[in-house]
Amino acid sequence: MDLLALADFNLVARYGGFGRAAREAGRPKATLSRRVAELEAGLDLRLFERGARSLKLTEEGRALYERTALLLTELEETATAIASGGHTARGRLRISAPLLFSQTAMGKLAAGFALRHPQVRLEITADDRTVDMIEEAYDLVIRVNPEPDANLVGRIFLRDRLVVVASPNLPQPAHGEPVPVIVRGAMQPIETWTMTTPTGPSTLVAQPVIGLSSLLMVRDAARMVAGAARLPLSLASPDLAAGTLVQWGRVDGPEIELWALYPTRRLLSARVSAFLDYLREAFPNGTPDELAAYVSG
């Protein structure tokens, strides 16, 4: 099998079309089209369904892409590692990270990492959905409390927890009395929040009055005395220290864990290893207070 033709096929499959693949790679569109046609002829298979305005992988094309994408990536990374002595981080590094972590910390992390590793082209996408690392060509993903996945390995680099907070001007309710709350996402008619307070377990009858899509917006609304809210301690810490929010209790349940993950079958490239080391350096203890200090520092 022609490896150059196979590499061009993977390029087109990754970007979903000849035009975009040509622009991303700086290659002539006609060359990519010819190489893919030669590969199809050599395999006696149709790898793409070609429409007037769309290009889709056939079942055989998808199988070939899924089985060869990692192999080609490993070949490229091995050659790069050998050429650079295996120690220099270089090349493109694509990362997917959750929206809140991206909004609060990733800009600073990206800038610091880029200054330290100028030969790495860093691309970060903020997304709360579970991306397909192989299909979407990510080198590293950051996920919150991920489900076990045999295809991924990684490490926890931060831990956080949820707390119930409110403006000091919002009176705490009497037992069983509903209290207005601000929630992320869709609102329910009434909710029950369980939390641990300095005096012991407590239950809050929560009546959602505002539903917002971002925890940053939830925090800002809580500052304005609109209602109580559940926020990560790292996000609430600066306001708790300044007195613009007060803590009513700690939400019961598991900790929030942030994981950095990469495919098990992929060789750990110098650039991925460098970014993992940079995360460890930025958050050596991985505590909520450490994240809060990093963001505000």
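Quick caveat: nothing in here was measured; it's all calculated off a predicted structure.
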Does [X] reach the side chain of [Y], with side-chain heavy atoms less than 4.5 Å apart?
{"X": "Phe101", "Y": "Pro232", "answer": "no"}
{"X": "Glu257", "Y": "Arg159", "answer": "yes"}
{"X": "Ile124", "Y": "Phe113", "answer": "no"}
{"X": "Pro201", "Y": "Thr194", "answer": "no"}
{"X": "Leu276", "Y": "Leu140", "answer": "yes"}
{"X": "Arg46", "Y": "Glu49", "answer": "yes"}
{"X": "Arg280", "Y": "Arg155", "answer": "yes"}
{"X": "Phe9", "Y": "Glu40", "answer": "no"}

Step-by-step side-chain contact (heavy atoms from CB on, under 4.5 Å) determination, Val218 to Val183:
CA-CA 7 Å; Val218 172; Val183 297; over 6 Å; no
Between [X] and [Y], what is the shortest heavy-atom contact and its length?
{"X": "Trp193", "Y": "Glu191", "value": "NE1-OE1, 2.8 Å"}
{"X": "Pro173", "Y": "Pro178", "value": "CB-O, 4.5 Å"}
{"X": "Ser214", "Y": "Gln103", "value": "OG-OE1, 4.0 Å"}
{"X": "Val225", "Y": "Ser167", "value": "CG2-OG, 3.6 Å"}
{"X": "Ala105", "Y": "Leu291", "value": "CB-CD1, 4.2 Å"}
{"X": "Thr197", "Y": "Gly200", "value": "OG1-O, 2.8 Å"}

So, the side chain of [X] versus the backbone of [Y]: is there a donor-acceptor pair under 3.5 Å, distance only?
{"X": "Arg94", "Y": "Glu136", "answer": "yes"}
{"X": "Arg143", "Y": "Val131", "answer": "yes"}
{"X": "Arg271", "Y": "Arg92", "answer": "yes"}
{"X": "Asp160", "Y": "Ile256", "answer": "no"}
{"X": "Ser102", "Y": "Pro98", "answer": "yes"}
{"X": "Glu290", "Y": "Gly286", "answer": "yes"}
{"X": "Ser33", "Y": "Lys29", "answer": "no"}

Name the one of Thr125, Asp132, Leu261, Leu93 that satisfies side-chain contact (heavy atoms from CB on, under 4.5 Å) with Tyr138?
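Checked Thr125, Asp132, Leu261, Leu93 against Tyr138; only one passes side-chain contact (heavy atoms from CB on, under 4.5 Å): Thr125.
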Val272, Val141, Leu122, Leu109 screened by side-chain contact (heavy atoms from CB on, under 4.5 Å) with Ile95, the one that passes
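Testing each of Val272, Val141, Leu122, Leu109 against Ile95, the sole residue satisfying side-chain contact (heavy atoms from CB on, under 4.5 Å) is Leu122.
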What verdict does the side-chain contact (heavy atoms from CB on, under 4.5 Å) test give for Ile142 and Met106, after you've listed the backbone C-alpha separation in whole Å, the side-chain angles of each residue and the deciding distance to 0.1 Å?
CA-CA 11 Å; Ile142 294 173; Met106 263 307 204; 3.5 Å; yes
Under a 4.5 Å side-chain heavy-atom rule over Ile, Leu, Val, Met, Phe, Trp and Tyr, are [X] and [Y] clustered together?
{"X": "Met217", "Y": "Ile182", "answer": "yes"}
{"X": "Leu170", "Y": "Val163", "answer": "no"}
{"X": "Leu45", "Y": "Leu55", "answer": "yes"}
{"X": "Trp259", "Y": "Leu99", "answer": "no"}
{"X": "Leu158", "Y": "Leu216", "answer": "no"}

Any ion pair linking Asp128 and Arg184 (charged N to carboxylate O, less than 4.0 Å)?
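Yes.
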Given Asp239 and Val165, is the side-chain contact (heavy atoms from CB on, under 4.5 Å) satisfied, shown in steps?
CA-CA 10 Å; Asp239 286 278; Val165 299; over 6 Å; no
Check: Phe275 ring centroid to Tyr262 ring centroid under 6.0 Å
no
